[in-house]
Number of protein chains: 2
Amino acid sequence: MSPRKFFHPDTAELTLHRVLFALSDPTRLAVVSDLMRDGERASGDLLAESVPRSTMTHHLKILREAGVTRTRPEGMRCLISLRREDVDARFPGLLDAILAHGGAEASAP
Amino acid sequence: MSPRKFFHPDTAELTLHRVLFALSDPTRLAVVSDLMRDGERASGDLLAESVPRSTMTHHLKILREAGVTRTRPEGMRCLISLRREDVDARFPGLLDAILAHGGAEASAP
DNA sequence: ATTTATGTACGATTTTCGTCGTACATCGTA
DNA sequence: TACGATGTACGACGAAAATCGTACATAAAT
């Protein structure tokens, strides 16, 4: 019964092209937009109506392995949060620029 | 002998995920980094040593159709420049954030 | 008009990505 | 332990992307 493990890259290992790629998909952009507005959220509540679970798992894995989000197991659920400070430390202003654009594209793909 | 035509999207039609996708490739990121530092450049001078011409044409087309760059024919050559004001108008701070990161990844892929 | 330099168009190939169903694992609770 | 709820792993499928060679187009000069 080992607690579930999730790989998270170190802050120093984030690469710009990987982060940009993680953000280049409409579904993932919508997830990040939600996280920016609402803070930490359960993965099951993210776009739950429009995206199957296995598809959401896939997108969350890409965001997590790019260093954009953090996944924290909490009982049966997974809580997802933005790695705001880490991304800001490595790419200052990047998330602000995306936040500034707001959720204009943050609807379903 | 009509002068060569290149499609450029209107500023209002730029989408965030398309711009981010265009910037999510190391080769294209290196091109943009060069353009930020040196201004307008001939396409043949961009990474000429490491990327075949037809491949570079492909990348420049993606950048252009995403609205990130402008291509201007000048005699036999093509001059490439950043659409700085247009991208800034639509996504303020985005290019600054990438410029701030400098050319740290701007070497060959 | 021929030649040379530059860049595009097209096609073929390989790789990667996005989607999602199914089976499995984990967690809390009855 | 058995059950129900949540999330992951794996595999398959089709769509899209990255690479690059070859053929063609454009422009300038001879």
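Computed from a predicted structure; not experimentally measured.
In this structure, NZ of A/Lys5 is placed 17 Å from C1' of C/dA25, rounded to the nearest angstrom. A/Arg77 has its CZ atom 14 Å from the C1' atom of D/dG4, to the nearest Å. Distance, A/Leu47 CG to D/dG7 P: 14 Å, rounded to whole Å. The nearest whole Å value for the distance from the CZ atom in A/Arg72 to the P atom in D/dT6 is 18 Å.
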Check against side chain to side chain contact (heavy atoms under 4.5 Å, CB included), B/Lys61 and B/Phe7: CA-CA 9 Å; B/Lys61 182 179 185 180; B/Phe7 169 75; over 6 Å; no

Could I get a table of every N or O pair under 3.5 Å where one atom is in the protein and the other is in nucleotides 1-4 of chain C?
none

Without placing hydrogens or testing angles, list every side-chain donor-acceptor pair under 3.5 Å for residues 71-82 of chain B, not counting sequence neighbours.
from	atom 1	to	atom 2	distance (Å)
B/Arg72	NE	B/Glu40	OE2	3.2
B/Arg72	NH1	B/Glu74	OE1	3.2
B/Arg72	NH2	B/Glu40	OE1	2.8
B/Arg72	NH2	B/Glu40	OE2	3.1
B/Arg77	NH2	B/Asp45	OD1	3.3
B/Arg77	NH2	B/Asp45	OD2	3.4

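A salt bridge is defined here as a Lys NZ or Arg NE, NH1 or NH2 lying under 4.0 Å from an Asp or Glu carboxylate O, and A/Asp96 with A/Arg84 meets this definition. B/Asp88 and B/Arg83 are not joined by a salt bridge, as no carboxylate oxygen comes within less than 4.0 angstrom of a charged side-chain nitrogen.
End-to-end axis angle for the helix from C/dA1-D/dT30 to C/dA30-D/dT1, using five pairs per end and rounding to 10°, comes out at 20°.
Annotation: proximity of residues 52-67 of chain A to DNA chain D (heavy atom, distance under 4.0 Å) is found for A/Arg53, A/Ser54, A/Thr57, numbered in ascending order.
Under the rule for a side chain to side chain contact (heavy atoms under 4.5 Å, CB included), B/Ala89 has no partner lying at least two apart in sequence or in another chain. Under the side chain to side chain contact (heavy atoms under 4.5 Å, CB included) criterion, A/His58 pairs with A/Ile62, sequence neighbours left out.
Of all nucleotides listed (C/dG18, C/dT6, D/dT6), C/dG18 comes nearest to the side chain of A/Arg28.
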